[in-house]
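Presented below is the structure to which this report refers.
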Amino acid sequence: MTTTERPMPPLDADERTALESWLDFYRTTLVMKCEGLSDEQVRRTSVTPSPLTLLGLLQHMAEVERNWFRRVLTGEEVAPIYDPRADPDASDGGFDLTESVSFATARATWEAEIAHARSNCVARELDGTSPFMGGDVTLRWIYLHMIAEYARHNGHADLIRERIDGTTGV
């Protein structure tokens with residue numbers, strides 16, 4: 001049973017509103033894929049040999065939010081969330097599970113990273129740049145990258161959820 005309401009992106013909006021709305025749509029979609037499942041279920045892998053889980057996807061997206069909206073966009077020096085020894089410049093972490101992280105804990109962490117992201121973006125122009133990989137990256141590019149990242153992982157989440165309990169869509 002889904003308890004989160006997913007906002008439909010406006011059909012006629014300015015560019016920034018459209019980007020932010022689609023990103024929020026995909027963020028919400030990911031958490032909706034996890035709703036109604038037990039901690040044991042969100043830890044289930046899709047199919048052997050893949051270690052991918054819904055909990056791992058949520059943790060990964062918290063790491064990705066942190067990387068792009070804090071490290072890259074603002075230059076903040078923050079450690080990885082789930083593996084403090086990991087390369088902080090890599091945004092591919094968070095997939096590994098530990099017994100100490102529940103779905104509720106991971107969701108709260110992910111939501112906190114989204115709050116940081118929104119705060120860091122509010123006063124920035126879409127064409128504003130941040131140094132990245134020897135060049136500059138715009139906030140617009142980061143938004144587009146994040147939409148693609150969530151869309152790809154929501155596809156993974158679809159398959160995992162269907163394998164767990166047959167639920168499709170959302």
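Along the sequence shown, residues carry numbers from 1.
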Check your understanding: Quick one: does Trp110's side chain get under 4.5 Å of Arg27's, heavy atoms only?
Key -> yes
Review point. Taking everything shown except Glu76 itself, do over 12 heavy atoms lie less than 6.0 Å from its CD?
Key: yes
Practice item. Run the numbers on Leu54 and Cys34 for side chain to side chain contact (heavy atoms under 4.5 Å, CB included), then give the verdict. Key: CA-CA 7 Å; Leu54 290 171; Cys34 303; 3.8 Å; yes
Point to revise | Minimum heavy-atom distance between Pro7 and Phe25, given as atom pair plus value | key: O-CD1, 3.4 Å
Practice item. Answer with yes or no whether the hydrophobic clustering places Val64 together with Met133; edges join I, L, V, M, F, W, Y residues whose side-chain heavy atoms lie under 4.5 Å apart. Key: yes
Review point. Do the non-hydrogen side-chain atoms of Pro80 and Arg71 ever get within less than 4.5 Å of each other?
Key: yes
Check your understanding: Is the closest side-chain heavy-atom distance between Pro10 and Ser21 below 4.5 Å?
Key -> yes
Review point. Does CZ belonging to Arg152 count more than 12 external heavy atoms closer than 6.0 Å?
Key: yes
Exercise for review: Taking side chain to side chain contact (heavy atoms under 4.5 Å, CB included) as the test, write out the residues that go with Arg16, two or more places apart.
Suggested key: Asp14, Glu20, Cys121, Leu126, Leu139, Tyr143
Exercise for review: Would you check if His156 and Ser46 make a side-chain contact, meaning some heavy-atom pair closer than 4.5 Å?
Suggested key: no
Exercise for review: Give a yes or no on whether a salt bridge exists between Glu15 and Arg140, defined as a side-chain N under 4.0 angstrom from a carboxylate O.
Suggested key: yes
Practice item. Quick one: sort the His145 and Trp141 rings into parallel, tilted or perpendicular, breaks at 30° and 60°. Key: parallel
Check your understanding: Is Arg70 paired with Glu77 through a side-chain N to carboxylate O contact shorter than 4.0 Å?
Key -> no
**Study point:** Close side-chain approach of Leu57 and Ile160, heavy atoms under 4.5 Å
**Key:** yes
Point to revise | Shortest non-hydrogen separation from Asn154 to Tyr26 and the atoms involved | key: ND2-O, 3.1 Å
Exercise for review: Please examine the side chains of Gln59 and Leu97, heavy atoms only from C-beta on, and report whether any two atoms are closer than 4.5 Å.
Suggested key: yes
**Study point:** His116 and Ser119, any side-chain heavy atoms less than 4.5 Å apart
**Key:** no
Review point. Passes side chain to side chain contact (heavy atoms under 4.5 Å, CB included), Val42 versus Thr53? Steps please.
Key: CA-CA 6 Å; Val42 295; Thr53 65; over 6 Å; no
Point to revise | Nearest non-hydrogen partners of Asn120 and Leu73, listed with the distance | key: O-CD2, 3.8 Å
Review point. Would Phe132 and Trp68 count as a close aromatic pair, with their ring centres under 6.0 Å?
Key: yes
Point to revise | Glu35/Arg107 ion pair, N-O < 4.0 Å | key: yes
Review point. Picking from Thr28, Asp24, Thr29, what satisfies side-chain hydrogen bond (donor to acceptor under 3.5 Å, both in side chains) with Arg6?
Key: Thr29
Check your understanding: With the 4.5 Å side-chain cut-off for hydrophobic clustering, are Val31 and Val101 part of the same group?
Key -> no
Review point. Do Asn67 and Glu63 pass the side chain to side chain contact (heavy atoms under 4.5 Å, CB included) test, and can you show the C-alpha distance, the side-chain angles, and the key distance before you say yes or no?
Key: CA-CA 6 Å; Asn67 185 62; Glu63 293 283 10; over 6 Å; no
Practice item. Check the pair Leu37 / Ile164 against side chain to side chain contact (heavy atoms under 4.5 Å, CB included), numbers first and verdict last. Key: CA-CA 9 Å; Leu37 297 176; Ile164 291 169; 4.0 Å; yes
Point to revise | Heavy-atom side-chain proximity of Phe69 to Ile142 below 4.5 angstrom | key: yes
Point to revise | Short N-O contact, Asp39 and Arg44, less than 4.0 angstrom | key: no
Check your understanding: Does Arg161 come within less than 4.0 Å of Asp165, counting only side-chain N to carboxylate O?
Key -> yes
Practice item. Write down the atom of Ala106, the atom of Leu55, and the distance for their closest heavy-atom approach. Key: CB-CD1, 3.5 Å
Point to revise | Heavy-atom donor-acceptor pair, Glu162 side chain to Leu159 backbone, under 3.5 Å | key: no
Study note, to complete from the structure: dist Met61:CE -> Thr109:OG1 (nearest 0.5 Å) comes out at 14.5 Å
**Study point:** Pairwise distance CD1(Ile114) to CE(Met146) - rounded to 0.5 angstrom
**Key:** 8.0 Å
**Study point:** From CD (Glu149) to CG (Leu23), nearest 0.5 Å
**Key:** 11.0 Å
Point to revise | Interatomic distance, Phe95 atom CZ to Asp83 atom CG [nearest 0.5 angstrom] | key: 13.5 Å
Practice item. Check whether the side chains of Glu65 and His60 place a donor and an acceptor atom closer than 3.5 Å, and report yes or no. Key: no
